[in-house]
Number of protein chains: 2
Amino acid sequence: MSRKTFMAASLAVFCGTGALRSDEGMWLYNDPPREQVRAKYGFEMTDAWLEHLQKSSVRFNSGGSGSFVSEDGLVLSNHHVGADALQKVSSAQKNYLRDGFYARSQAEEIACVDLELNVLQSIANVTERVNAAVTAGLSPDDAVKARRRVMAAIEKESLDATGLRSDVVTLYQGGAYHLYRFKKYTDVRLVFAPEQQVAFFGGDPDNFEYPRFDLDICLFRAYEDGKPVKVPHSLKWSKAGAAEGELTFVSGHPGRTERMLTVAELEYLRDRQYPIALAYLKRREVLLRSWSERSAENARRAKDELFGIQNSRKARDGGHAGLYDPALMQSKRQQEMALRTKFAANPAFAPAAAAYDQIKQAQSSIARYERIHRLLEAGQAFQSELFDIAHILVRAAGEYPKADGERLREFAEAGRASLEMSLFSDKPIHNDLEIISLADSLTYLNEQLGAEYPVVKKVMAGKSPRARAAELINGSRLRSVDERRRLYKGGTLAIDASEDPLILVAKSVDAEAREVRQLMEAQAEIKKQAHAAIASARFALEGKGQYPDATFTLRLSYGVVKGYTSLGKAIPATTSLGGIFERSAEMEGRPPFDLPERWQKKRRALHADAPFNFVSTHDIIGGNSGSPVVNRNGEFVGIIFDGNIESLALGFAYEETQARALSVHSAGILEALRSVYAAKPLVEELVTGQRK
Amino acid sequence: MSRKTFMAASLAVFCGTGALRSDEGMWLYNDPPREQVRAKYGFEMTDAWLEHLQKSSVRFNSGGSGSFVSEDGLVLSNHHVGADALQKVSSAQKNYLRDGFYARSQAEEIACVDLELNVLQSIANVTERVNAAVTAGLSPDDAVKARRRVMAAIEKESLDATGLRSDVVTLYQGGAYHLYRFKKYTDVRLVFAPEQQVAFFGGDPDNFEYPRFDLDICLFRAYEDGKPVKVPHSLKWSKAGAAEGELTFVSGHPGRTERMLTVAELEYLRDRQYPIALAYLKRREVLLRSWSERSAENARRAKDELFGIQNSRKARDGGHAGLYDPALMQSKRQQEMALRTKFAANPAFAPAAAAYDQIKQAQSSIARYERIHRLLEAGQAFQSELFDIAHILVRAAGEYPKADGERLREFAEAGRASLEMSLFSDKPIHNDLEIISLADSLTYLNEQLGAEYPVVKKVMAGKSPRARAAELINGSRLRSVDERRRLYKGGTLAIDASEDPLILVAKSVDAEAREVRQLMEAQAEIKKQAHAAIASARFALEGKGQYPDATFTLRLSYGVVKGYTSLGKAIPATTSLGGIFERSAEMEGRPPFDLPERWQKKRRALHADAPFNFVSTHDIIGGNSGSPVVNRNGEFVGIIFDGNIESLALGFAYEETQARALSVHSAGILEALRSVYAAKPLVEELVTGQRK
């Protein structure tokens, strides 16, 4: 998932439906489902067990999950999580994203560009301190500022005190604020990747489908001081892997769920946000796909972004269909009515009773601002890597001179190192792709606001979208990292003096973009306070022991390996390695069902019966990609890489009849590494937990 | 091009910019550019020369052009024009669309399903009679009816008198009405088609691009009384074909141009119609493409529609970019201002002077109605073959009992046979494709009008789009041609008694759909009268000798075979057969750049230097696909199959610096038929003009 997907309005609240008898829940590590797991499965999660799993879990800041699988810093994630990193170290000559990579010795491991890994070290509840700073009676604008200030202060203090990356995380939409401290790794090297054909076998057509046959893995190694790190926690590898019916756990970073939105918010999603987002995704999908098909090199350049778009499109199409299910909406309406009735009956819950209309009204205001916000602030009008850089440079010049707590959130001091890493990244930027992408988004800007809208006239400067895009991209010097550094260090003076056409455009939209952002944030604040009122009334009525909506923070899910029934057909829990050859034959070997040469050659050597992919009842969502699946002993038995099509409505409600998490099996991974890739040292390291 | 594309608002007016020194013009056969061609090229178009070319030209009612190439009724068109027919005679077992077909004997020729060919026999000017019927002072609604009545009467009289298909054609948007009489062929058989891989080599990526290497041809034979027809006019084949710089002519059916729209209309196209249409096309492209990729059989079922969508999308994206070219819009504004100044200066032109504001106002009204119209009347809400059938049955029951002139235009008596042929066609309809297509369009309906809109509530019946689509398609009996006949013959009684779920849905939207159609037609009438006023003032000011905007009627263009320069690079006029192997290798042989086995095997036998495709300056547009290119002797030298990317703005203005028509060369066709397909009898027939 891309940063931009994650930047969309954040609407997390708390979830759960009272007594949970199912495998529902994306649980907090500081409030784990001990009782539920004990009651249903008779298993005791000890503190030591939890700490080991927590500290073996890795967050990919590019948007995904992973885990340490050897004490020598070996990190396992999905190929599609690593794709961004693979793309950045690839070139027309060495296409590691497509062809795979294996470092047979440590010296061959390739340093990744701007990849940051985080490992959660501790969680502290800072709710009281945050709430104390946001006093009653503040205007929404002032409340936003006060909260931003106190959150930045907490993060800065923590960073100074511990040296750890420190993020204040909003949970239960203001029901709680927790401080998450992460150990950060920024020297990360590529160890192994299979060919994309087999990592993403079946491509977009089989994405979110099951049965599947994907070796969706990628191995990295974390370094410090030029040497592989020795990590205190890493997962032992289970050679047997997961068996049907077995209790297992998933530890990862679900990106976002929206289970406790009010009906007004869900209707907004269904009627506005999803249709708009989907139309935009489909537009970009067609653009990138038709451009990709013009040449093999085009395809290579656009592949990673195109995959991200297709993935989001399919996920959202599924989520949108869920919102159109009258049963789901009906049940949400009933739950909401029941709660509102309870709130209305008790004057102590007056703020909660009033909250629903406040949310509805805020949602109407958001509907008025979202177009400008989306175009100018969220960047839909300027789909270009170089423009993003210009935008950050212009903002950085305006923000960093301010006191830490007064800045826009992404310029808080605690995040500066990460921002600089990304800003000065030497990743390849391709002018041809930049131009077609920017030309299309400028066309979109014209369509959405009209050619006569003042900002549009300024941006277009009397040119057609194609001509203007070519002029801006060809005329910009921001491809040069040195030039970026110069402008960044030079601050406002340098930015004001710059005649770089992209800097000029970014400056020309900045005032209006900031203004609409402030308007949106004020409405979000109103909703946040309203949701907090609902949350606290629910805590009072229903007690604690719930889990909050997903927010790309570390969570724990439990469940079992289990097949399901679809369209009257029983779908077994596990597929085998041999199945990939059958599926390929059935599709006549056409891409994306073609197999790498290596796989064709090694077919005989492979144990066709080895388990390959499996499904389980775990409550997961996008962002969980790469999460380890572990057994009661905390051993690695599989790695999450997808959900089935029925799981795409999980954002709104959990269900376990058909919705399933998809994983690559630990035994299948070993067998492929051994028999197809002859990666003996790697197999050794996984099995023994140490490099030789 | 699909019927639905053609059904979109028809906005034709007259074109030309006074003295034409370029190769501009899509000329009427009854007003050919004799002087221009004589002056520029010294060639005299005689009546006999024109009649021979006219009567050798064939219109494919599915949307395309062709020509007779032997006296035994052999008709040559493009593979992509024949694709619809190929799809309809294909099955999972015999995929002629993909694999090609060759009837080695007459007995093997396959009867096509509901394919109608028309050959223009005569043109009569009926402007006076039409205008006499539409008296001044009629309300727009009454004017629409009066015009419809007189046109239906003329068509009916002509049909009864001659037995020929008779269509009254609106030209110069009411500047003229002509009666076109066609000889009609409905027993059409498939003779030859190459593999789609080579017919559409390069697929969507290379569509509208040049250089190209496409054998985009398909051969049919017209039959009457079970025997091949002996046609009085057919084109002699030129073995040498077109040479660079040679004067040639294109005779075909350009679908639609919009060169004389007012600025208000162009802005509407740019700001509303194109963005909406493109978003819809991209949505359907993603839907069909992702479904196609799930299995080879899915791909086969959706291929033809998907191609049509991609083709329209690419064409419209190009046209839209043209509208965003400030130079084009500036020149349109200047032309319009110049005309308006002339009109204002002379009281005799008062109606023309007032016309621009009338058009602008009508355009605003159209903007209000277009959404409902598009969804309910143009069918965007119900993308399903079975729904189309239900819709026609419901309408037929309501319309046929009325007097001929009172009916909706598509139910005029003169067109009844064609309508029945299509309605009772036994073409394959696939439930799975029907369901995903209808589910998506029902979702679109919800998005566009909202779930609470009364018609939407009626249509959805409390179900989700997916559930409702499955219920409607699975529950309908309209797949049975007998059932269709029963309902058609039973008229209103049968329709009222029917409980077929699709009939019920079609009935439930009919009133509102008719109402919005009437509103739209009244506005179109206002525009028509306004354009007629402009046209007649221009005739008075500038004289005759202009050509009208394209309307899918037979036209003649002239031009030369000629290369061009793009991005500073010289593009030669002609490609050779050998080039296809080079392009395939460059793209690593991946679809759609893979070559059929037969081509790979016969590579050595092929004359690599034989000309394959060429470009020329002819003024063409979509609908010209399949048009013959002939030399001064009226001999066939090539067949139009595409335009280059620079030609996509030709809908709004002709230019010949870069815009080019693309053709398959007559010599390349012969060489491929001879060396790759060993189609000796066919080659003989083409060369001698007779079957042996």
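Just so it is clear, the structure is predicted and the values come from calculations on it, not from any experiment. Basis for what follows: all heavy atoms, side chains included, without hydrogens, waters or symmetry-related copies.
- For chain B, the option among A/H320, A/Q310, A/R270 with the highest count of heavy-atom pairs below 4.5 Å is A/H320.
- Looking at B/E586, neither its backbone nor its side chain comes within 4.5 Å of chain A, counting heavy atoms on both sides.
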Could you go through the side chain to side chain contact (heavy atoms under 4.5 Å, CB included) check for B/R590 and A/E293 one step at a time? CA-CA 10 Å; B/R590 296 200 161 222; A/E293 287 174 338; over 6 Å; no

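- Between B/E588 and A/A296, the closest heavy-atom pair is OE2-CB, 4.0 Å.
- For A/P591, the part lying under 4.5 angstrom from a heavy atom of chain B is the side chain only.
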Go through it in stages, so that I can follow the logic: the residues are B/R466 and A/D325, the test is salt bridge (Lys or Arg N to Asp or Glu O under 4.0 Å), and I'd like the CA-CA distance, side-chain angles, deciding distance and then a yes or no. CA-CA 9 Å; B/R466 286 181 186 181; A/D325 176 0; over 6 Å; no

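- Nearest heavy-atom pair across B/R294 and A/R583 is O-NH2, 3.4 Å.
- Heavy-atom distances place no part of A/R468 under 4.5 Å from chain B, backbone and side chain included.
- Residues B/K463 and A/P326 are not in side-chain contact: their nearest non-hydrogen atoms beyond the backbone lie 4.5 Å or more apart.
- Between chain B and the residues A/G202, A/S295, A/P592, the most heavy-atom pairs under 4.5 angstrom are made by A/S295.
- Within the 4.5 angstrom heavy-atom criterion, only side-chain atoms of B/F593, from C-beta onward, approach chain A.
- Residue A/E267: no heavy atom, backbone or side chain, is found under 4.5 Å from chain B.
- In this structure, CG in B/D317 is found 8.0 Å from OG1 in A/T443, a value given to the nearest 0.5 Å.
- Of the atoms belonging to A/R313, it is side-chain heavy atoms, and not backbone ones, that fall under 4.5 Å from chain B.
- Residues of residues 276-292 of chain B placed with any heavy atom under 4.5 Å of a heavy atom in chain A are listed by number as B/K282, B/R283, B/E285, B/V286, B/R289, B/S290.
- In terms of heavy-atom pairs under 4.5 angstrom with chain B, the leader among A/S464, A/G203, A/P205 is A/P205.
- When every heavy atom of B/Y324 is checked against every heavy atom of A/P465, the shortest pair comes out as CB-CD, 3.6 Å.
- For chain A, the nearby part of B/D204 is the side chain; its heavy atoms alone come within less than 4.5 Å.
- When each of A/D271, A/D206, A/D440 is checked for heavy-atom pairs under 4.5 Å with chain B, A/D206 comes out on top.
- Using non-hydrogen atoms only and a strict 4.5 Å limit, the part of residues 446-461 of chain A facing chain B consists of A/N446, A/E447, A/A451.
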